[in-house]
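What follows is a single structure, written as structure tokens, with notes after it.
Numbering of residues begins at 1 and proceeds along the displayed sequence.
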Amino acid sequence: MSYPALVEPADELTIDEVRRYSRHLIIPDVGMTGQKRLKNAKVLVIGAGGLGSPALLYLAAAGVHTLGIAEFDEVDESNLQRQVIHGQSDIGKSKALSAKESIAETNPYVNVILHEGRLDNDNVMDVFRGYDLIVDGTDNFATRYMVNDAAYFLGIPYVWGSIYRFDGQASVFAPTLADDAPCYRCLYPEPPPPGMVPSCAEGGVLGVLCASIGSIQVNEAIKLLTGIGEPLVGKLMIYDALEMEYRKLKVRKDPSCALCGENPTVTGLIDYDAFCGAISDDAAEAAAGSTISVTQLEHMLKEREEGTRDFVLVDVREPNEYEINRIPGSVLIPKGEFLNGSALEQLPSLTEGDKQIVMHCKSGVRSAETLAIVKGAGYADAVHVGGGVVAWVNQIDPSQPSY
Ligand SMILES: [Zn+2]
């Protein structure tokens, strides 16, 4: 099914614009009218990261007149494996500014608006208002639900994408475009339990996957803005890069959807961090009063070296991560072995003589989950390290690489 164009055509294209966009103009479906629509379009891209990088570059190249960039982060060396809008000399710079400079090089006719504050309930409606379309490249569930709800309240369609390792998904959520068009909550009514779905920072992502999914998002954006083709409204695109397989599933509007259903319970912005939960209740309970800092850990390691203290330091990350960096003197037992119980069989020999268990992961989320498991198994004095190996590298040992 096709939908009316989201944007009215601009009055005219200049001679320079006709030259620049000629390969669009000679496609009958786009033509002069389609290009004039892009010239009038205002698109907000959330995140100038993995998905935002290709999305912003191709939207700019296509001639979308106004591009908003909502991004608060700075460019890190570990971004450059996939975030191709940034370069080596941008490390440490604001991602929004770096993206703006790349866009100016790609297409000087684009008007770029930067929104450099972290999106939250207080500013999201003001940031979104006035845009014709939103392209969502966020990587966390709390922001995704907030984007979905705010876009719905303002009646702005949005193109969603997500990536992890070799798998990607994309869809268009636009309940205001058609009565039967679903929203993100129709597809995913509840966020996954905290700690169940690792982020790309924890689990990794194939760099080029960002281009595969980001380009689908731009493709859908151009179709919606110009009113051509059949956009992914009510359809979920699933991409498997290893099998090289695209599948399209139907997504139905859920009449009992909390947001766009017949009796909505979400009628305003909610507390998205609480809704998605950074860590599970069990983990939060276990970590309360049982979290040490990396400075405390450094002190404890010194005492262990001097022989005045003994404990076992367990790294619950994956072997690949342990190869990149580690806290000296740690033993590796991945989180999965705690979940299936095999780690608990190894612990008694490791903790012989009532050695205390100290656990850490990359940032403190996974180790809080495993802390709940070992405390549940009776190791009452177990603790975990807040901030994990990231904090260790930042504060104690900057000679090791971060990731
Ligand atoms: Zn819905």
Side-chain angles (χ1 to χ4, degrees), residues 1-7 24 27 29-30 34 37-38 41-47 50-59 62 64 67 128 131-139 141 143-145 147-152 154-164 166-189 205 208-241 243-254 257 259-261:
M1 178 172 174
S2 60
Y3 298 91
L6 291 177
V7 181
H24 272 173
I27 306 175
D29 291 336
V30 181
R37 290 189 197 276
L38 295 178
K42 292 181 183 167
V43 176
L44 174 67
V45 177
I46 305 175
L51 293 172
S53 287
L56 284 164
L57 287 172
Y58 275 103
L59 288 167
V64 168
L67 277 177
F128 283 14
Y131 285 102
D132 301 304
L133 181 74
I134 292 168
V135 173
D136 181 15
T138 47
D139 59 357
F141 288 96
T143 312
R144 271 182 204 150
Y145 282 96
V147 168
N148 179 66
D149 296 356
Y152 176 75
L154 291 166
I156 305 173
Y158 81 99
V159 190
W160 165 80
S162 89
I163 45 176
Y164 180 70
F166 298 100
D167 298 316
Q169 298 186 356
S171 188
V172 172
F173 298 112
T176 46
L177 268 191
D179 289 342
D180 61 347
C183 79
Y184 179 73
R185 284 178 184 271
C186 296
L187 176 62
Y188 296 116
V205 60
V208 71
L209 183 72
C210 303
S212 308
I213 299 300
S215 73
I216 290 176
Q217 290 183 281
V218 173
N219 189 62
E220 295 309 295
I222 289 173
K223 283 157 61 184
L224 289 161
L225 294 168
T226 58
I228 61 174
E230 208 170 303
L232 285 173
V233 176
K235 287 168 217 142
L236 174 66
M237 180 66 90
I238 298 178
Y239 172 58
D240 179 339
E243 294 295 321
M244 190 39 75
E245 188 177 65
Y246 287 94
R247 282 185 300 144
K248 216 157 61 168
L249 304 182
K250 200 166 171 58
V251 183
R252 289 181 203 284
K253 186 185 177 83
D254 178 1
C257 174
L259 181 71
C260 73

Applying side chain to side chain donor-acceptor pair (under 3.5 Å) to Tyr246 and not counting sequence neighbours gives none
I'd like to know whether CZ of Phe141 has more than 12 heavy-atom contacts from other residues, nucleotides or ligands below 6.0 angstrom. yes
Closest heavy-atom pair, Phe173 versus Pro182, reported as atoms and distance to 0.1 Å, is CD2-O, 3.6 Å
For a quick test of reading the model, state the closest non-hydrogen atom pair linking Leu51 to Cys210 and the distance between them. CD2-O, 3.8 Å
In Å, rounded to the nearest 0.5 Å, how long is the span from CE of Met237 to CG of Leu249? 10.0 Å
Does Gln217 use its side chain to pair, donor to acceptor, with the backbone of Asp136 at less than 3.5 Å? yes
Decide if atom CD of Glu245 counts as having more than 12 heavy atoms of other residues, nucleotides or ligands within a radius under 6.0 Å. yes
What pair of heavy atoms forms the shortest contact from Gly52 to Val45, and how long is it? CA-CG1, 4.0 Å
May I ask you to decide if the ring planes of Tyr184 and Trp160 are parallel, tilted or perpendicular, using 30° and 60° as cut-offs? tilted
For Asp132 and Val43, indicate whether the former's side chain and the latter's backbone hold a donor-acceptor pair under 3.5 Å. no
Which pair of non-hydrogen atoms, one from Pro54 and one from Val218, has the smallest distance, and what is that distance? O-CG2, 4.3 Å
Taking atom OG of Ser171 and atom OH of Tyr188, what is their separation to the nearest 0.5 Å? 9.0 Å
Could you report the tightest heavy-atom contact between Ile213 and Gln169, atom names first, then the distance? CG2-O, 3.6 Å
For Lys253, I'd like to know if atom NZ has over 12 heavy atoms of other residues, nucleotides or ligands within 6.0 Å. yes
Quick one: CD1 on Ile27 to OG1 on Thr226, what's the gap to the nearest 0.5 Å? 10.0 Å
If the condition is ring pair (Phe, Tyr, Trp, His ring centres under 6.0 Å), which residues does Tyr152 pass it with, not counting sequence neighbours? none
Test side chain to side chain contact (heavy atoms under 4.5 Å, CB included) on Ile222 and Tyr58; report intermediate values, then the result. CA-CA 10 Å; Ile222 289 173; Tyr58 275 103; over 6 Å; no
State, yes or no, whether a side-chain contact exists between Leu44 and Val135 at a heavy-atom distance under 4.5 Å. no
Going through the checks in order, is the salt bridge (charged side-chain N to carboxylate O under 4.0 Å, His left out) test met by Asp149 and Arg185? CA-CA 9 Å; Asp149 296 356; Arg185 284 178 184 271; 2.6 Å; yes
Answer yes if the side chains of Asn148 and Tyr158 hold a donor-acceptor pair under 3.5 Å, and no otherwise. yes
Do side-chain atoms of Arg37 reach the backbone of Val7 as a donor and acceptor pair under 3.5 angstrom? yes
Here's a test for you: under side chain to side chain contact (heavy atoms under 4.5 Å, CB included), which of Val159, Ile216, Val251 qualifies with Leu232? Ile216
Got Val172 and Leu177 here, is their nearest side-chain heavy-atom distance under 4.5 Å? no
Taking the side chain from Ser53 and the backbone from Gly50, do they hold a donor-acceptor pair closer than 3.5 Å? no
Heavy-atom pair of closest approach, residues Cys260 and Cys183: SG-SG, 3.9 Å
Treating Glu230 as the side-chain partner and Ser2 as the backbone partner, does any N or O pair qualify as donor plus acceptor under 3.5 Å? no
Identify, with sequence neighbours excluded, every residue that meets ring pair (Phe, Tyr, Trp, His ring centres under 6.0 Å) alongside Phe128. none
